[in-house]
Amino acid sequence: MKINTKVIHGYPMTDKYTGSSSIPLYQSSTYSQSNIEENYAYIYSRFSNPTRDALSEAICSIENAQFSEVFSSGMAAISAVLLGFSQGDHIVACKSIYGGTFQLMTEFLPRYGISVTFVDATDPKNYADAIQENTKAFYIETPSNPTLQVTDLNAVIGLAKKNNLITVCDNTFMTPLLSDVISLGIDFSINSATKFINGHSDVILGTVATNNAEYAKWLHKSAVAIGSIAAPFDSWLTMRGLKSMAMRVERSSENAQKLAEYLNQHSKVKKVFYPGLVSHPNHQVHMQQSKNGGMVVSFDLGNEKNVKLFLDAIRIPLVAVSLGGIESIISYPKIMSHACIPKEERIAQGVTDGLLRFSVGCEDISDLLADLDNALSTL
Ligand SMILES: *Cc1c(COP(=O)(O)O)cnc(C)c1O
């Protein structure tokens with residue numbers, strides 16, 4: 001089954017009791033047990049819920065994984081994976097990492113005796129050099145947010161296998177449709193489904209997929225014990241969003257490539273960050289592990305004054321945090337996602353005062369380019 005078919009039919013898409021064309025929203029906390037001697041599939045919705053289970057099957061299908069668990073947010077999914085480690089364990093993670101994950105790794109994990117070393121992930125050798133006796137896992141995000149730095153997945157997975165380490169990949173930016181990380185050998189694929197999987201900026205939800213039965217059991221146990229499960233309605237909405245995901249991802253990534261090429265030749269744009277551009281330093285590595293450059297383009301307008309002029313003039317995209325909607329969304333990392341990072345550290349990470357991140361939506365590219373053209377002419 002190819003991907004456009006798979007997002008619609010790659011999992012049970014109708015209700016087995018009624019034949020309903022969409023899996024119903026089972027909005028219930030508990031389930032009537034007609035006979036206490038029998039074992040029932042459904043007992044209590046923190047343990048399992050038919051709507052959430054249906055989404056979980058759909059996630060397995062698009063991830064090419066045997067097992068998945070869906071959580072109340074991307075951060076809940078990341079927490080569940082990271083809380084699977086124990087006191088004394090060590091993790092090597094990419095330096096350019098999602099802000100919430102950074103906070104979890106620096107403010108929470110150390111309290112449980114789990115330590116993390118952050119490395120520049122653009123060179124796989126840095127992962128190798130950071131391995132200690134108690135290292136248990138590599139944590140990866142590629143391309144990174146918001147400067148779209150690329151990690152060589154094959155190289156890092158190879159290193160992990162050689163050293164008996166677990167690999168965890170937050171694949172929110174590429175999604176399993178553009179980068180099939182489970183098939184590449186990643187042990188845990190995490191997605192903030194808030195972004196491209198749901199794709200309509202109306203749900204917060206997270207997913208983890210794996211082929212390891214033992215880890216899968218642990219993940220389920222963790223979701224039940226901590227209670228960070230996805231709600232039935234959010235699961236239902238995400239399944240609805242998922243059905244159009246292949247079309248959205250195709251359109252958005254085509255738009256993003258054109259938008260990046262346009263920005264790359266514009267005299268008012270200082271720098272463009274997009275792994276789909278041949279000029280990106282890791283373009284070739286990225287294209288070996290992904291179908292295209294993805295849906296997110298970052299660009300530098302030089303300074304804050306230009307950013308303000310540009311944002312005042314731009315009409316179509318939402319100016320907001322988050323990404324992955326059917327609509328284009330522009331964020332200003334300096335005051336949004338990276339506001340809590342000290343200035344020197346922020347600049348060192350390439351998050352300059354002129355940097356904007358553009359999550360490219362499914363609008364007509366001619367409209368997006370005309371809007372950009374007009375906004376850039378005010379600089
Ligand atoms: C948004 C995001 C998260 C967090 O997901 P939530 O659903 O907001 O909890 C984690 N990683 C990446 C790369 C993200 O973009």
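As the structure lists them, so they are numbered: ligands from 1, and atoms in each ligand from 1.
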* Structure fact -> among protein heavy atoms, the one nearest atom 8 (O) of ligand 1 is Tyr98 OH, 4.1 Å
* Top protein contact for atom 5 (O) of ligand 1, by heavy-atom distance -> Ser192 OG, 3.0 Å
* Structure fact -> Atoms of ligand 1 under 4.0 Å from any heavy atom of Met75, numbered from 1 in the order shown, are 5 (O), 6 (P), 9 (O)
* Asked: Any chance the rings of Tyr40 and Tyr31 have centres within less than 6.0 Å?
  -> no
* Could you tell me whether Asp129 and Lys125 make a salt bridge, using a distance below 4.0 angstrom between a side-chain N and a carboxylate O? => yes
* Structure fact -> Residues Ile190 and Ala77: closest non-hydrogen pair is CG2-CB, 4.2 Å
* Asked: Among protein heavy atoms, which lies nearest atom 7 (O) of ligand 1, and at what distance?
  -> Thr194 OG1, 2.7 Å
* For Ile204 and ligand 1, does the shortest N/O to N/O distance drop below 3.5 Å? -> no
* Structure fact -> shortest atom 6 (P) of ligand 1-to-protein heavy-atom contact is with Gly74 N, 3.4 Å
* To do: Using distance alone, determine whether Ile78 and ligand 1 share an N or O pair under 3.5 Å.
  => no
* To do: Go through ligand 1 atom by atom and flag the ones less than 4.0 Å from a non-hydrogen atom of Ser73.
  => 7 (O), 9 (O)
* Inspect the contact between Asp353 and Arg346 and indicate whether a charged nitrogen and a carboxylate oxygen are less than 4.0 angstrom apart. => yes
* For Asn145 and ligand 1, answer yes if some heavy atom of the residue is under 4.0 Å from a ligand atom, otherwise no. => no
* To do: Considering only NZ, NE, NH1 and NH2 on the basic side and carboxylate oxygens on the acidic side, decide whether Asp300 and Lys271 come within less than 4.0 Å.
  => no
* Heavy-atom contacts with Lys195 under 4.0 Å: which atoms of ligand 1 show up? List them by number with element. => 1 (C), 2 (C), 3 (C), 14 (C), 15 (O)
* Does an N or O anywhere in Thr101 fall below 3.5 Å from an N or O of ligand 1? -> no
* Report yes if the side chains of Asn145 and Val296 come closer than 4.5 Å at any heavy-atom pair, otherwise no. => no
* Asked: Going by distance only, is there an N or O of Asp170 that falls short of 3.5 Å from an N or O of ligand 1?
  -> yes
* Check whether any side-chain heavy atom of Leu242 lies under 4.5 Å from a side-chain heavy atom of Asn198, and answer yes or no. => no
* Applying side-chain hydrogen bond (donor to acceptor under 3.5 Å, both in side chains), which residue pairs with at least one partner in residues 328-337 are found, sequence neighbours left out? -> Glu304-Lys334, Ser328-Glu363, Ser331-Arg357
